[in-house]
Amino acid sequence: MAKPHSMENPLFFPLALLIIFTIGITTNANPSLTLDYYLTSCPNALDIVRKEMECIVQSEPRMAASILRLHFHDCFVQGCDASILLDETITLQGEKKAPQSKNSLRGFDVIDRIKNKLESECPGIVSCADLLTIAARDAVILVGGPYWHVPLGRKDSTTASYIKAKTNLPTSDQNLIPLMAKFMFHGFSVTDMVALIGAHTIGLARCKNFRERIYGDFEGTIDQSNPISQSYLKKLKSGCSAVPTAIDENNTTAMDYVTPYIFDNSFYQILLRGEGLLNSDQEMYSSLFGIETKKIVRKFAEDGLAFFNQFSDSMVKMGNIINPDTIETGEVRKNCRFVNT
């Protein structure tokens with residue numbers, strides 16, 4: 001039987017946090033965003049993004065996860081304002097080199113490609129923030145995931161925040177309580193959190209982000225009598241040594257080894273077996289404090305449609321996180337990497 005997986009002391013559990021996550025926090029739809037925002041100004045905008053994403057994901061299925069991750073990293077820092085896309089300059093410290101983003105984000109060239117198409121069709125109309133939000137939705141659909149309507153009308157930020165990127169984004173080694181706190185900060189319920197982390201059903205993780213897990217308590221969360229789990233752990237260790245080396249530090253493996261390029265609910269089934277690759281993922285099922293999260297993981301593992309429905313709702317909620325500064329100072333960037341001059 002799997003051992004409880006947690007380092008938190010129950011005596012110090014913040015009761016208020018438990019109550020908030022048990023009842024959930026609601027985030028109302030942002031009134032500044034509308035579904036028909038580009039209906040007259042750039043009526044082909046969504047079709048352009050979709051067609052480009054179809055070509056991109058068909059040639060490289062992994063890119064679906066990369067674009068989805070870009071969107072997540074963008075919204076969790078200053079709101080969905082395309083600040084993650086900004087390159088560093090003499091006067092601007094970007095977010096790309098923050099610990100949670102450095103060497104883990106891809107797809108910037110994809111965004112450039114789509115932006116060039118949009119600028120050719122309707123110059124100065126479609127923001128990079130909206131582009132990324134639409135592309136993330138299409139990426140999920142193209143690998144078998146659910147559809148959701150994307151409210152539009154975001155503006156691009158003229159600033160970025162390395163500090164917020166360093167502190168606001170969840171990390172792979174976090175335990176459940178700090179993980180919940182980072183989602184709560186953005187107004188997400190515990191159900192939203194479990195659903196959004198389900199994005200790990202696609203995508204890869206680097207050795208450095210799961211080394212401590214596989215050489216630590218991985219054996220404590222799996223059923224050690226299960227030869228499949230033992231074989232999986234052995235395979236993970238073969239590509240990720242206990243001591244960091246230049247050879248394997250950046251080796252990657254799928255967070256969902258069953259269907260790594262298909263958006264489905266097998267990620268949660270992996271957690272039920274205690275085989276979650278990242279500590280933060282497995283915490284949702286194995287933590288002593290995971291009373292609610294464990295129930296939701298089980299629900300999503302058993303009911304793929306329930307996961308799809310909740311993921312769609314939670315993605316809309318995440319997309320509604322707006323940087324208030326962009327209401328006054330936001331712009332539509334001509335090039336997603338730089339502010340307009």
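One-based numbering along the sequence shown.
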Flag the pair Phe307 / Phe267 as yes when their ring centroid distance falls below 6.0 Å, and as no otherwise.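 Ring centres of Phe267 and Phe307 not closer than 6.0 Å.
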Approximate separation, where rounding is to 0.5 Å, of [X] [atom1] and [Y] [atom2]:
X: Leu132; Y: Phe108; atom1: CG; atom2: CZ; value: 9.5 Å
X: Cys207; Y: Asn250; atom1: SG; atom2: CG; value: 8.5 Å
X: Gln78; Y: Thr326; atom1: CD; atom2: OG1; value: 9.5 Å
X: Lys317; Y: His186; atom1: NZ; atom2: NE2; value: 13.0 Å
X: Lys96; Y: Leu86; atom1: NZ; atom2: CG; value: 7.5 Å

Verdict with supporting geometry, Arg137 and Leu46, side-chain contact (heavy atoms from CB on, under 4.5 Å): CA-CA 11 Å; Arg137 188 274 309 275; Leu46 272 70; 4.0 Å; yes
State whether [X] and [Y] are salt-bridged, where the test is any N-O pair (Lys NZ or Arg NE/NH1/NH2 against Asp/Glu carboxylate O) under 4.0 Å.
X: Lys117; Y: Glu121; result: no
X: Lys115; Y: Glu119; result: yes
X: Glu52; Y: Arg113; result: yes

Could you tell me if the side chain of [Y] sits less than 4.5 Å from the side chain of [X], heavy atoms only?
X: Asp281; Y: Leu277; value: no
X: Val77; Y: Ile84; value: no
X: Met315; Y: Leu196; value: yes
X: Thr253; Y: Phe210; value: yes
X: Val316; Y: His149; value: no

Write down the atom of Ile134, the atom of Val49, and the distance for their closest heavy-atom approach.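 Residues Ile134 and Val49, closest heavy atoms: CG2-CG1, 3.7 Å.
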Does a donor on one side chain sit under 3.5 Å from an acceptor on the other, for [X] and [Y]?
X: Ser229; Y: Glu275; result: yes
X: Ser286; Y: Thr221; result: no
X: Glu95; Y: Ser83; result: yes
X: Asp130; Y: Tyr37; result: no

Hey, what's the ring geometry for Phe76 with Phe183, parallel, tilted or perpendicular (30° and 60° as the breaks)?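 Aromatic pair Phe76/Phe183 classed perpendicular.
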I'd like to know if the side chain of [X] and the backbone of [Y] have a donor-acceptor N/O pair within less than 3.5 Å.
X: Arg213; Y: Gly276; answer: yes
X: Asp248; Y: Ser241; answer: yes
X: Ser172; Y: Asn209; answer: yes

Find out if a path of hydrophobic residues (ILVMFWY) with successive side-chain heavy-atom gaps under 4.5 Å connects Leu272 to Met284.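 The answer is yes; both residues are in one hydrophobic cluster.
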Starting from the C-alpha separation in whole Å, work towards a yes-or-no answer on side-chain contact (heavy atoms from CB on, under 4.5 Å) for Val194 and Tyr268. CA-CA 9 Å; Val194 178; Tyr268 298 104; 3.7 Å; yes
Could you walk me through whether Asp264 and Asp256 satisfy the side-chain contact (heavy atoms from CB on, under 4.5 Å) test, starting with their C-alpha distance in whole Å, then the side-chain angles of each, then the deciding distance to 0.1 Å, before giving a yes or no? CA-CA 10 Å; Asp264 58 18; Asp256 174 358; 3.5 Å; yes
Got a sec: does the NZ of Lys51 have more than 12 other heavy atoms crowding it under 6.0 Å?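 Open: at most 12 neighbouring heavy atoms sit under 6.0 Å from NZ of Lys51.
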Can you name the one residue among Arg337, Lys334, Arg333 that meets salt bridge (Lys or Arg N to Asp or Glu O under 4.0 Å) with Asp112?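 Of the listed residues Arg337, Lys334, Arg333, the salt bridge (Lys or Arg N to Asp or Glu O under 4.0 Å) partner of Asp112 is Arg337.
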